[in-house]
Chemist: 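Quick one: the structure is below, questions incoming.
The structure displayed is predicted, hence computed values, not measured ones.
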Amino acid sequence: MLTKEELIAEAFKAMKNSYAPYSKYHVGAAVLCKDGTVFWGTNIENASFGATNCAERSAVFAAYSRGYRKDSIAALAIVSDGDRIAGPCGICRQVLSELLDHHTPIYLSNGRESQDTDIDELLPLQFTTEDVIR
């Protein structure tokens with residue numbers, strides 16, 4: 001099983017594949033599954049900015065596409081080349097609140113500093129399936 005530092009390193013490897021011709025802001029993510037499998041994701045921009053996909057969604061969607069689910073995911077690392085640590089955007093926070101266990105560790109880093117968090121800390125008072133399905 002990868003350590004936190006190794007998972008963050010995997011996310012930095014993923015970041016090298018970023019497609020960010022507009023913002024020049026590169027983000028990478030790595031999902032670690034409990035069986036040791038790692039899925040990479042990176043931000044893929046589009047001239048129609050709403051069609052852009054973030055790194056963390058790309059990585060989690062890759063895991064789900066291979067049949068993994070929230071109970072299979074051990075941790076998520078999200079990294080960027082920004083001056084400060086970047087947390088997930090609002091859309092990603094909402095997606096992660098449904099697709100990750102609420103106490104799954106989320107590691108944020110910009111290569112100089114890092115922060116450990118989880119979705120409950122990032123998105124309090126979440127809108128969940130319990131709000132929709134009665």
Chemist: Might you point out which heavy atoms bring Glu6 and Met1 nearest each other, and give the distance in Å?
Modeler: OE1-O, 4.3 Å

Chemist: Is any side-chain heavy atom of Ile78 less than 4.5 Å from a side-chain heavy atom of Val27?
Modeler: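 In contact.
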
Chemist: Determine whether Leu123 and Leu96 make a side-chain contact, defined as any pair of heavy atoms from C-beta on separated by less than 4.5 Å.
Modeler: no

Chemist: Work out which heavy atom in Phe12 is nearest to a heavy atom in Asn110; give both atom names and the distance.
Modeler: CZ-C, 3.7 Å

Chemist: Decide yes or no for Val95 and Val60: does some side-chain heavy atom of the first lie under 4.5 Å from some side-chain heavy atom of the second?
Modeler: no

Chemist: In terms of hydrophobic clustering (I, L, V, M, F, W, Y; side-chain heavy atoms under 4.5 Å; direct or indirect links), are Val38 and Tyr68 co-clustered?
Modeler: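 In one cluster: no.
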
Chemist: Kindly give the heavy-atom pair with the smallest separation between Glu45 and Thr52, and that separation in Å.
Modeler: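 Shortest heavy-atom contact: CA-OG1, 3.4 Å.
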
Chemist: Identify, with sequence neighbours excluded, every residue that meets side-chain hydrogen bond (donor to acceptor under 3.5 Å, both in side chains) alongside Asn17.
Modeler: none

Chemist: Distance-only, no hydrogens or angles: does the Thr104 side chain make a donor-acceptor pair with backbone N or O of Asp101 under 3.5 Å?
Modeler: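 Such a contact is found between Thr104 side chain and Asp101 backbone.
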
Chemist: Please determine whether the number of non-hydrogen atoms from other residues, nucleotides or ligands lying under 6.0 Å from atom CZ of Arg69 exceeds 12.
Modeler: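 Yes, the 6.0 Å shell around CZ holds more than 12 heavy atoms from other groups.
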
Chemist: For a side chain to side chain contact (heavy atoms under 4.5 Å, CB included) check, start with the C-alpha distance between Asp120 and Gln126, then their side-chain angles and the critical distance, and finish with the verdict.
Modeler: CA-CA 8 Å; Asp120 282 344; Gln126 299 156 27; 3.0 Å; yes

Chemist: For Ala30 and Glu10, which heavy atoms make the closest approach, and how far apart are they?
Modeler: CB-CB, 3.9 Å

Chemist: Please tell me if the side chains of Lys70 and Leu99 come closer than 4.5 Å, counting only heavy atoms from C-beta onward.
Modeler: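 Answer no - side chains too far apart.
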
Chemist: Would you call Asp81 and Lys24 a side-chain contact if the rule is heavy atoms closer than 4.5 Å?
Modeler: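 No, side chains not in contact.
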
Chemist: Using distance alone, with no hydrogens and no angle criterion, decide if Tyr25 and Asn43 have a side-chain donor and acceptor under 3.5 Å apart.
Modeler: no

Chemist: For the atom pair NZ (Lys13) and OG1 (Thr42), what is the distance rounded to the nearest 0.5 Å?
Modeler: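 The NZ atom of Lys13 sits 14.5 Å away from the OG1 atom of Thr42.
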
Chemist: So which atom in Arg112 and which in Gly82 form the shortest heavy-atom distance, rounded to 0.1 Å?
Modeler: NH2-O, 2.7 Å

Chemist: Decide yes or no for Glu121 and Asp118: does some side-chain heavy atom of the first lie under 4.5 Å from some side-chain heavy atom of the second?
Modeler: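 Yes, at least one pair of side-chain atoms sits under 4.5 Å.
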
Chemist: Within a strict 4.5 Å, meaning less than it, do heavy atoms of the Val79 and Ile8 side chains meet?
Modeler: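 Side-chain contact under 4.5 Å: yes.
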
Chemist: Kindly give the heavy-atom pair with the smallest separation between Arg93 and Leu122, and that separation in Å.
Modeler: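 That closest heavy-atom pairing would be NH1-O, 2.8 Å.
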
Chemist: Any chance you could lay out the side-chain hydrogen bond (donor to acceptor under 3.5 Å, both in side chains) test for Asp35 and Thr37, step after step, and finish with the verdict?
Modeler: CA-CA 6 Å; Asp35 68 2; Thr37 304; 2.8 Å; yes

Chemist: Please check if the side chain of Glu113 supplies one atom and the backbone of Arg84 the other of a donor-acceptor pair under 3.5 Å.
Modeler: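 Not a single qualifying donor-acceptor pair exists.
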
Chemist: Can you confirm whether Cys33 sits close enough to Phe39 that some side-chain heavy atom of one is under 4.5 Å from a side-chain heavy atom of the other?
Modeler: yes

